[in-house]
Amino acid sequence: MDYERDAAHPDLSQVSAEELGGMLVETYQVDVSERHATTRFRAAIEEAAGERQPRYTPDVCRRLFEMLVETAEQRGWADLTFGLATLECCTGPLPDVSEPARRLVGLLLEKDTVRQPYALLAVAGLADEATLRAAVERLSQDVGPVVADEIAVIAALGRAERARLSEIDRSDRFSSPPPSLTDAWRGAAETAAYVAFARRALEAAADRTDAIRAGEIPYRADKAFTDREVVSLGQAARVALLRDEPWLPELFDRLLPGVAIAPTPARTVPSQALLYELVRAAQDFPTPELVTATRTVRGNVRHAGVPKQLDKMLKKVEAALAERTDVALRLPRLGFGDDGVLRRKAGDYEAVVTVAENATLSWEKDGRPLRSLPAPVRRDHAALVKELRELVKRVNAQLVTLARALEGGFTVDAVHPYGWWRTELAGHPQARTLVRRLIWEIEVAPGEWQAVLPEAGDLPDAPDAAAVRLWHPLRSGPDSVRAWRDLLTERRIRQPFKQAFREIYLLTPAEEETRVYSNRFAAHLVHYRRMFALFRARGWTSGRLGPWDDGDGDAAERTLAAGEWQVRFFHTWYDWADGDELASTDQVRFARRSDGAWREAPLADVPPLVFSEAMRDIDLFVGVTSIAADPDWTDAGPGRTYWERAGFAELTESAASRRDALERIVPRLEIADRCSLDGRFLIVRGDLRTYRIHLGSANILMEPDGSYLCVVPVRDKRDKDDGRVFLPFEDDRLSLILSKAFLLAADARITDGSILAQITRS
C-alpha cells in the first residue's frame with residue numbers, strides 16, 4: 001500500500017471491504033514499526049472501518065498472525081482480539097495459523113502480567129492441546145477459585161465460542177472495529193456453559209462474604225477477593241444482568257452488603273473493588289432491583305469515601321436504566337396495600353408508611369396521628385424503627401428510578417399493554433401516585449389515541465391488549481398542549497418530571513441547510529467542570545478536557561432509542577478564568593447504528609422524538625453552565641463580550657417553556673399587580689425602580705437606564721420550595737426568577753447594602 005499518497009486527506013469511499021481489511025492490517029504493522037503512515041491517515045482507515053465491516057483474505061489473516069508474533073517479540077504485547085476478529089471475517093477457508101499461534105502464546109505466557117486472558121485462551125486453542133493446557137495452567141495460578149473455574153470453563157468450549165467470549169476483553173484493543181458493548185456481552189450470555197459459571201461464581205462470592213460476616217473466614221479489609229476474581233465476577237454479573245436472571249435480586253441483596261459492610265465496627269469494606277465493579281456492571285446492564293440494593297448499601301456503608309463515589313456511579317446507572325425499558329418499570333409491592341399505605345404494630349403504637357409524592361413514615365396511637373417518634377417505640381422497638389426507615393429510603397429510591405425510567409422511555413417510544421399498565425403502574429401501591437400525575441395516551445381504537453391524566457379523570461374502557469404510552473407534546477397540537485398546561489396549573493398537580501411543559505425541538509431551516517450537523521448550541525462559553533458533571537448526571541460520556549496534549553477538544557456522547565441512535569456534542573477547552581475552567585461549545589451530530597457500527601446520519605433522518613430529547617439535554621447543559629447565567633461574572637475580554645450578548649439574548653426553547661409557565665403562575669402571585677411579561681423579560685415594579693428579569697439567564701436590568709443589577713442567590717435547600725408559589729414542575733431557574741421577583745417587588749425593604757447601592761446610585 002502506498003502511504004505516500006495524499007495521507008492527510010485519503011479518500012477511502014471506493015475501497016472494497018477486502019481492501020479496507022488489508023489496509024487495516026498494514027496500518028497495524030506501521031503502528032508497530034513507526035516507519036510510514038501519518039497519524040491522520042491511520043485515523044482515516046480506522047474511521048472507515050468503523051463505518052463498514054472490513055473483510056480479510058486468508059493470506060491477510062495469516063500475515064496478521066505473523067505480525068502479532070513480531071509485535072510480541074518487540075514489545076511484549078500483541079492485540080489478540082484483532083487477530084481473532086480477522087478470522088471471524090475471513091473471506092475464504094480459515095488459514096492454518098497454528099504455528100504463529102503457538103509462538104505467540106508462548107511469548108505472552110512468559111510475561112509477569114497476561115493481558116486479554118479470554119483472547120489468549122482462544123488463540124491457544126488455535127495452536128494445539130498442549131499450548132491450551134499450558135495457557136490454562138498459567139492463567140489459573142494464584143488467582144482464586146472463581147477465576148480457576150472460569151478458565152476451565154472457557155478452555156472446554158469450542159473454537160467459535162472461545163472466539164466469541166474473547167470480544168469482552170475490552171482493554172488493549174487496536175481497532176477492527178469492536179462490536180457494540182451489548183453485542184459483545186450477548187455472545188457470552190448465549191454460551192450455556194458460561195451462563196452456568198456466572199451463577200456459580202456469584203453464588204460462591206455471596207457464600208464467601210456470608211462466611212466472612214459469620215467469622216468463618218478471617219476478615220481483612222479489601223482482601224475478600226483477588227484482583228482477578230473481581231474482574232471475573234464483574235463479567236459474571238454482566239452476563240446475568242443482561243439475561244435478567246430471576247435469581248439475581250435475592251443474590252445481590254446478600255452480596256452487596258457483604259462486600260460493602262465490614263463485620264466489625266471498622267470503617268472499612270471487605271472488597272471496595274468488587275462493590276464498584278458490580279455497580280459498573282449495573283451501568284452496562286441495569287436492573288431496578290440492583291439500583292435499589294445499591295442505594296440501600298449506600299445508606300448503610302461506614303467507609304467515609306464510598307457513599308460519595310456510589311452517588312456518582314448511581315447517576316450513570318439510573319440514566320442507563322432509563323434506556324432499558326424492558327426491565328426498568330418493575331417494582332416489588334413490599335407489603336403495601338392498594339392505597340399505598342403500610343401499617344405495622346409497635347406495642348400500643350402503630351407505624352404508618354404512606355406513599356404520596358414520596359414515602360413518609362408517621363406514628364399513630366389509637367388512630368390519632370403523633371407529631372414525632374414516641375419514646376417507648378424508640379426504646380423498645382429500635383429494630384422496627386430502623387427497618388421502616390430503610391423501607392422509606394428504598395421506596396423513595398424506587399420512585400426516583402421509576403421516574404428516570406419513564407422519562408427515558410420517550411426516545412424509544414415505549415408502549416405497554418393496557419391491562420398490565422393499569423395494574424402494575426397506575427394501580428401499583430408505590431407507583432400509582434407518580435404514574436397518575438403523568439399524561440398517558442391509550443389506543444382506544446386502531447390508530448386512535450386518547451390522552452388521559454389519571455389524577456384528574458377516569459380511565460377509558462379499552463381491551464387489556466390495547467397500547468399505552470406516555471403523552472409527549474411533540475405529538476400534540478398547540479391547543480392540546482395549552483389545555484393540559486392550564487389543567488395542571490388549575491388543579492395544582494406537580495408532575496414528577498417536566499411533561500406538559502416539556503420543551504420541543506424541531507429541525508430549523510439552518511439545520512436543514514447544514515444537513516448533518518447543528519450549530520444551534522455552538523459558540524457558547526460555559527463553566528467546564530459544571531458541564532462535565534452534568535454530562536455524567538444525564539448519562540453522557542466524555543473525555544476530560546484540559547490544557548494538555550490532545551486535551552483541547554472532545555465530543556460528549558449519549559446513545560438513545562435503545563442503542564439505535566447516538567448523539568455527539570462537540571466542545572473544546574477554552575481558557576482559565578478566576579481559577580475556573582471554561583469551554584467553548586460546538587456542533588451537534590447524530591449517528592445511526594448499522595451492522596454493529598455507527599454511521600453518521602443527516603439530521604432530517606433522526607426520529608423527531610430522539611432529536612428533540614437529545615437537543616433538550618444539550619440546551620440544559622448550555623443553559624445551566626453558560627457564563628451568561630453567572631450574575632457575578634466580572635472578567636473582561638472575549639468572555640465579557642459573550643456574557644453581555646448571551647445574558648439577555650433571545651429565549652431558547654427551555655426559556656420559552658419557562659415563560660409559558662410564568663404566564664399561568666404570575667396572575668396567582670400576591671405580587672401579581674407588580675408583575676408583567678414583556679417578550680423575554682419578567683417586568684417587576686418596585687417602589688424604587690422597575691426591573692427586567694431575563695427569562696433565560698435570570699439576569700436583571702434596571703429602568704430607566706438599562707443598568708445591570710447583580711443579585712447573587714443564596715443557595716439554601718430550605719428555600720428551594722417554601723410552598724408560597726405552586727410550580728407545575730421543578731426548575732431551579734424558574735424558582736430563581738420568582739425569588740428575585742419577590743425581592744424586587746419589595747425593593748424598599750431590601751437591607752443588603754450591595755444591592756441597595758446598585759439600585760440607588762445616580
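Position 1 is the first residue of the sequence; numbering continues from there.
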Report task. Taking the side chain as every heavy atom from C-beta outward, state whether L425 and W420 have any atom pair closer than 4.5 Å. Result -> yes
Query raised in the report: Are any non-hydrogen side-chain atoms of V353 and V392 less than 4.5 angstrom apart?
Result: yes
Query raised in the report: Between the side chain of Q495 and the main-chain N/O of R437, is any donor-acceptor distance below 3.5 Å?
Result: yes
Query raised in the report: Just by modelled atom types, is the L736 backbone N or O under 3.5 Å from a matching donor or acceptor in the S739 side chain?
Result: yes
Report summary line: A537 and R404 have their tightest heavy-atom pair at O-NH1, 4.0 Å
Query raised in the report: Sub-3.5 Å donor-acceptor pair from the side chain of S657 to the main-chain atoms of E653, do we have one?
Result: no
Query raised in the report: Of R685, R692, R659, which meets salt bridge (charged side-chain N to carboxylate O under 4.0 Å, His left out) against D678?
Result: R692
Requested in this report: Using atom types as modelled and distance alone, determine if a side-chain donor or acceptor of W440 lies under 3.5 Å from a backbone N or O of V435.
Outcome: yes
Requested in this report: Using the six-membered ring wherever Trp is involved, compare the ring planes of F729 and F501 and label them parallel, tilted or perpendicular (cut-offs 30° and 60°).
Outcome: tilted
Query raised in the report: Is there side-chain contact between V588 and Y517, with heavy atoms separated by less than 4.5 Å?
Result: no
Report task. Quick one: closest heavy-atom pair of P667 and L662, and the distance? Result -> CD-O, 4.1 Å
Query raised in the report: Do T625 and F532 come close enough that some side-chain heavy atom pair is under 4.5 Å?
Result: no
Query - Whether N396 side chain and A359 backbone form a donor-acceptor pair below 3.5 Å - result: yes
Report task. Check for a donor-acceptor pair, side chain of H527 on one end and backbone N or O of R529 on the other, with a separation under 3.5 Å. Result -> no
Query - Stacked cation flag R538 on F535, 6.0 angstrom / 45 deg - result: no
